[in-house]
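See structure below.
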Amino acid sequence: MQKTETCSFKGGIHPPYNKELTNAVPVRKAKEPAVVTIPMSLHIGAPCKPVVKKGDTVYMGQMVGEATGFVSSPVFASVSGTVKAVEERPHPNGNNVLSVVIESDGKDTVDPSIQPYKPYTAYGSKEIIDIIKNAGIVGMGGATFPTHVKLTVSPDKHVDTVILNGAECEPYLTADDHLMQDHPDRVVKGLQIAMRALNVSKGVIAIENNKPQAIEAVAKAAEGLDGIEVQKLATKYPQGAEKQLITAVTGREVPAGGLPADAGVVVMNVGTAAQVALTFETGMPLISRYVTCTGDAVKEPCTMLVKVGTPYQEVIDQCGGFSKPVGKVISGGPMMGVAMQRTDIPVMKGTSGILCLSKEAAYIPEPSACIRCGRCASVCPIHLQPFLISAFAQKKRWDRCEEFHALDCIECGSCSFICPAKRTIVSSIRVGKRQVQAERKKKAVKSNG
């Protein structure tokens, strides 16, 4: 069922979205990479342990790294070929990370043990969660939190709703928009599987109203299905932030320091849901994803289906390469993405976009003094006072940062965007958050010692 009203949250901003660069360009399948690099850290949580060695022959979809904890997720070969090395390689997080490097044989020979699963209705909750766990599925909106952990809800939490996040509010990115248009049936099927895993009867697919084709496609796929609604969201950033999404759709609030389950909700990205459905259909683990390569410094911006482990530079080259001198290459979007130091790093499970900005577009003006205008507070989706937290962080007053709830900041960047003084508010808040967490750990050690 499609709901006619549009919902939203208090606060937020309207940055230039620049989605027109790619939203009307058909999705392309990226060329087969000659070499892929599969980091053992493709997710939040404990890194994997390699289960292959140099010289081994591997199949596409074969596990090459096993999970080493509950909050961890196995990783798989995205091509068939030969293991070229098991060594530390550059990672998007800026560090060198233990990785399995595979030279493709160009055949994409699938692991013979991979088989489609029975219809999801043949499985119980634990079996579904185990299938998702064994397929290495993580949050594909960028957070890469292992999905099986998200679906394993504590017995003392009463979850009654699953929300699929199709907002894709980050400027420039259109990967989820294309996915919902191309595979709406998988999005809906993935929601049904998650609902069964959680034993809930209500599911909502929430999509910003600047994606009319996606809304129409998903609504058609969900037509006649009990308990599933398609909810239009106002186009506003950060509409897709988890807490804001929950408030907009349900009217509930996640308590400070709490999780969505504390509000009776589990939130998944539409890409994650589609991968869950694909795994049940084919048995194939998570080895590829939609990636938007865009920006004013790339010749032919588009969204492509890219294999995990493909170097960023290969994706950029398949979009015609750089069109002008590059000022910044960002993993993700301009608001919450992270600037990369190099382009030989691999596409990850959570790589939604590769944003290439010219020197002009990436230019950051010199900040001036804060005039206490309060605009940052007026747009903060968490209702914080960013200018105060930032000021305390710059003075290294970590106790005051904590007092003004720095840890509740979601680092969306709305404050920095709206600031007339062009102050990089979110950067200093981020430093303050890290220090508050470090101080808490010190106190915990002392109290336990």
Inset, instruction - For residues 132-176, pull every pair meeting ring-ring contact (aromatic ring centres under 6.0 Å, His included), keeping only residues two or more places apart or in separate chains. - result: F70-H148

Using distance only, find each side-chain donor-acceptor pair of residues 385-393 under 3.5 Å and give its atom names and separation, not counting sequence neighbours.
unit_1, atom_1, unit_2, atom_2, d
S390, OG, S428, OG, 2.6

Legend entry - Listed partners of H383 passing side chain to side chain contact (heavy atoms under 4.5 Å, CB included), at least two apart: K10

Inset, instruction - Look only at the side chain of S72 and the backbone of G45, and say whether a donor-acceptor pair between them is shorter than 3.5 Å. - result: no

Inset, instruction - Taking only Lys NZ, Arg NE, NH1 and NH2, and the carboxylate oxygens of Asp or Glu, determine whether R440 and E402 approach each other closer than 4.0 Å. - result: yes

Inset, instruction - For residues I128 and Y120, report the shortest heavy-atom separation together with the two atoms involved. - result: CD1-O, 4.1 Å

Inset, instruction - Please lay out, stage by stage, how Y17 and H14 fare under the test side chain to side chain contact (heavy atoms under 4.5 Å, CB included). - result: CA-CA 8 Å; Y17 288 103; H14 296 277; 3.9 Å; yes

Legend entry - Residues which pass side chain to side chain contact (heavy atoms under 4.5 Å, CB included) with S352, listed by chain and number, not counting sequence neighbours: L173, R289

Legend entry - Contacts of type side chain to side chain donor-acceptor pair (under 3.5 Å), residue R372, not counting sequence neighbours: none

Inset, instruction - Might you point out which heavy atoms bring E20 and N23 nearest each other, and give the distance in Å? - result: CA-OD1, 3.5 Å

Inset, instruction - Give a yes or no on this: more than 12 heavy atoms of other residues, nucleotides or ligands lie within 6.0 Å of atom CD of E439. - result: yes

Inset, instruction - Sort and list the pairs that fulfil salt bridge (Lys or Arg N to Asp or Glu O under 4.0 Å) and have at least one residue in residues 406-432, not counting sequence neighbours. - result: E411-R430, E411-K433

Inset, instruction - Grab the two heavy atoms, one from H91 and one from S41, that are nearest each other, plus how far apart they are. - result: NE2-O, 2.8 Å

Using residues 302-311 as the side-chain source, report each donor-acceptor pair under 3.5 Å to any protein atom, sequence neighbours left out, with the distance given to one decimal.
unit_1, atom_1, unit_2, atom_2, d
T303, OG1, T174, OG1, 3.1
T303, OG1, T292, OG1, 2.9
K307, NZ, E32, OE1, 3.0
K307, NZ, E32, OE2, 3.4
K307, NZ, S78, O, 3.2
K307, NZ, D108, OD1, 2.7
K307, NZ, D108, OD2, 2.7
T310, OG1, K307, O, 2.8

I'd like a table of donor-acceptor pairs (distance under 3.5 Å, sequence neighbours excluded) in which one partner is a side-chain atom from residues 258-271, with atom names and distances.
unit_1, atom_1, unit_2, atom_2, d
D262, OD1, K157, NZ, 2.4
D262, OD2, L259, N, 2.7
N269, OD1, G271, N, 2.7
N269, ND2, D176, OD2, 3.0

Legend entry - Qualifying side-chain hydrogen bond (donor to acceptor under 3.5 Å, both in side chains) pairs with a residue from residues 328-343, counting only residues at least two apart or across chains: Y312-S331, Q313-T343, R342-D344

Legend entry - Qualifying residues under side chain to side chain contact (heavy atoms under 4.5 Å, CB included), relative to S99, sequence neighbours excluded: T37, P39, R89

Legend entry - Donor-acceptor pair between S8 and K236 side chains, under 3.5 angstrom: yes

Legend entry - Partners passing side chain to side chain contact (heavy atoms under 4.5 Å, CB included) against S368 (at least two apart in sequence or in another chain): A421

Inset, instruction - Using atom types as modelled and distance alone, determine if a side-chain donor or acceptor of Q181 lies under 3.5 Å from a backbone N or O of A217. - result: no

Legend entry - Residue pairs, two or more places apart or on separate chains, that pass salt bridge (Lys or Arg N to Asp or Glu O under 4.0 Å) and touch residues 127-137: K126-D130

Legend entry - Check: A167 main-chain N/O paired with K211 side-chain donor or acceptor under 3.5 Å: yes

